[in-house]
Chemist: 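One structure coming up, written as structure tokens, with questions to follow.
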Amino acid sequence: MTSESPITDMHLDVLKEIGNIGAAHAATSLSQLLDRKIDMYVPNVKLVSFDEMFDLAGGAEAIVAGIYLRIEGDLSGSMFFVLSLESSNHFIRRLIDDETFSFSASTLPEIGVSAMQELGNILSGSYLSALSDFTGLKIYPTVPSLSVDMVGAIVSFGLIEVSHYSDEVIVIDTQIREEGESGSTSINGHFFLLPDPSSYITIFKSLGVM
């Protein structure tokens, strides 16, 4: 964290608490969708450099499934949710009950794409809803778009504007644990939150920590 950063450890602790509330809501929705017990946690929220963000996702050239959406309303900014292809395949196969589905295929079945977008909808919507409840702000996510590409390519356009005033990104680690007959399966994904400049101040003033 740089000395110029407006974000302190206290801010990150508040975002982690909000993230865990959102994760609990998302877990309930996913449990109903998959008809099995799903637990979700936010073990860590941190402020990292662009290079560190790429490293967390396996490197700028790692191929991932990424969900992108804009945040609108009283706040504005960009949000990405990134999962490895292995983790993405696992969840979508469960969602559509098709063990042959793969994001590595040359042509993706529309049902698989829609299922991944719905997963992004649930996760991002739950987090932003919790943030809205805490802050009293009106926050609206746009319809999420799905890309299967290198991490660097997916998030590059979201970095164009933020790079003018910052070289850091808020990372919300997300752990999803699925309970099944053969035991539990745990995967890790990452939310990359890139608020527009004025939205940093808006968020923390609304939380009473600015």
Chemist: Rounded at 0.5 Å granularity, tell me how far OH in Tyr127 sits from CG in Leu193.
Modeler: 6.0 Å
Chemist: I'd like to check the salt bridge (charged side-chain N to carboxylate O under 4.0 Å, His left out) partners of Asp39; sequence neighbours left out, ordered by chain and number.
Modeler: Lys37
Chemist: Please step through side chain to side chain contact (heavy atoms under 4.5 Å, CB included) for the pair Leu75 and Ile203, ending with a clear verdict.
Modeler: CA-CA 8 Å; Leu75 300 179; Ile203 291 171; 3.6 Å; yes
Chemist: So, does Asn44 use its side chain to make a donor-acceptor pair with the main chain of Asp173 at under 3.5 Å?
Modeler: no
Chemist: Please examine the side chains of Leu128 and Ile71, heavy atoms only from C-beta on, and report whether any two atoms are closer than 4.5 Å.
Modeler: yes
Chemist: Count the heavy atoms belonging to other residues, nucleotides or ligands that lie under 6.0 Å from CD of Glu86, then report whether that count exceeds 12.
Modeler: no
Chemist: Less than 4.5 Å apart, any side-chain heavy atom of Glu72 and any of Pro141?
Modeler: no
Chemist: Could you pull out the closest heavy-atom pair between Ala57 and Val64, with the gap in Å?
Modeler: O-CG1, 4.0 Å
Chemist: How far apart are the C-alpha atoms of Phe101 and Ile111, what are their side-chain angles, what is the distance that settles it, and do they pass the side chain to side chain contact (heavy atoms under 4.5 Å, CB included) test?
Modeler: CA-CA 10 Å; Phe101 177 84; Ile111 188 174; over 6 Å; no
Chemist: Quick one, Ser124 and Phe191 - any side-chain contact, counting heavy atoms below 4.5 Å?
Modeler: yes
Chemist: So how far is it from Leu34 CG to Phe91 CZ, rounded to the nearest 0.5 Å?
Modeler: 6.5 Å
Chemist: Side chains of Leu194 and Ile170, heavy atoms from C-beta outward: is any pair under 4.5 Å?
Modeler: no
Chemist: Please check if the side chain of Thr135 supplies one atom and the backbone of Leu137 the other of a donor-acceptor pair under 3.5 Å.
Modeler: yes
Chemist: Quick one, Tyr41 with Arg177, criterion side chain to side chain contact (heavy atoms under 4.5 Å, CB included). Give me CA distance, side-chain angles, the key distance, then yes/no.
Modeler: CA-CA 8 Å; Tyr41 309 94; Arg177 185 175 301 154; 3.9 Å; yes
Chemist: Which pair of non-hydrogen atoms, one from Ala23 and one from Val42, has the smallest distance, and what is that distance?
Modeler: CB-CG2, 4.2 Å
Chemist: How about Ser186 and Gln175: do any of their side-chain heavy atoms sit closer than 4.5 Å?
Modeler: yes
Chemist: Say you draw a straight line from CZ of Phe50 to CD of Glu168; how long is it, rounded to the nearest 0.5 Å?
Modeler: 8.5 Å
Chemist: Got a second to check how far Leu83's CG is from His90's NE2, nearest 0.5 Å?
Modeler: 11.0 Å
Chemist: What heavy-atom pair brings Ile122 and Ser29 nearest, and what distance separates the two atoms?
Modeler: CG2-CB, 3.8 Å
Chemist: What are the two closest heavy atoms between Gly66 and Ile154, and how far apart are they?
Modeler: N-CD1, 3.9 Å
Chemist: Would you call Glu17 and Val45 a side-chain contact if the rule is heavy atoms closer than 4.5 Å?
Modeler: no
Chemist: For the residue pair Ser129 / Ser126, report whether a side-chain donor-acceptor contact shorter than 3.5 Å exists.
Modeler: no
Chemist: For the side chain of Ser78 and the backbone of Arg70, is there at least one donor-acceptor N/O pair under 3.5 Å apart?
Modeler: no
Chemist: Using side chain to side chain contact (heavy atoms under 4.5 Å, CB included), reason through Met79 and Tyr68 one step at a time and then give a plain yes or no.
Modeler: CA-CA 6 Å; Met79 177 179 267; Tyr68 166 73; over 6 Å; no
Chemist: For Glu52 and Ser49, test the side chains for any donor-to-acceptor distance below 3.5 angstrom and give the result as yes or no.
Modeler: yes
Chemist: Strictly below 4.0 Å, N to O, side chains only: are Asp9 and Lys16 in salt-bridge contact?
Modeler: no
Chemist: Heavy-atom distance under 4.5 Å between the side chains of Met53 and His190, does that happen here?
Modeler: no
Chemist: I'd like to know if the side chain of Asp98 pairs up with that of Thr100 as donor and acceptor (distance under 3.5 Å, no hydrogens or angles considered).
Modeler: yes
Chemist: Side chains of Leu15 and Ile172, heavy atoms from C-beta outward: is any pair under 4.5 Å?
Modeler: no
Chemist: Taking all non-hydrogen atoms of both residues, which atom of Asn121 and which atom of Pro144 are closest, and how far apart?
Modeler: OD1-CD, 3.4 Å
Chemist: When rounded to the nearest 0.5 angstrom, what is the spacing between CG in Leu146 and CG in Leu69?
Modeler: 12.0 Å
Chemist: Nearest 0.5 Å, what's the CZ-CG distance between Phe192 and Leu56?
Modeler: 6.0 Å
Chemist: Quick check: does any side chain N or O of Ser199 sit under 3.5 Å from a backbone N or O of Thr202, one acting as donor and the other as acceptor?
Modeler: no
Chemist: Between the main-chain N or O of Thr8 and the side-chain N or O of His11, is there a donor-acceptor pair closer than 3.5 Å?
Modeler: yes
Chemist: Taking all heavy atoms of Ala26 and all of Met40, pick out the closest pair and write down the distance.
Modeler: CB-SD, 3.7 Å
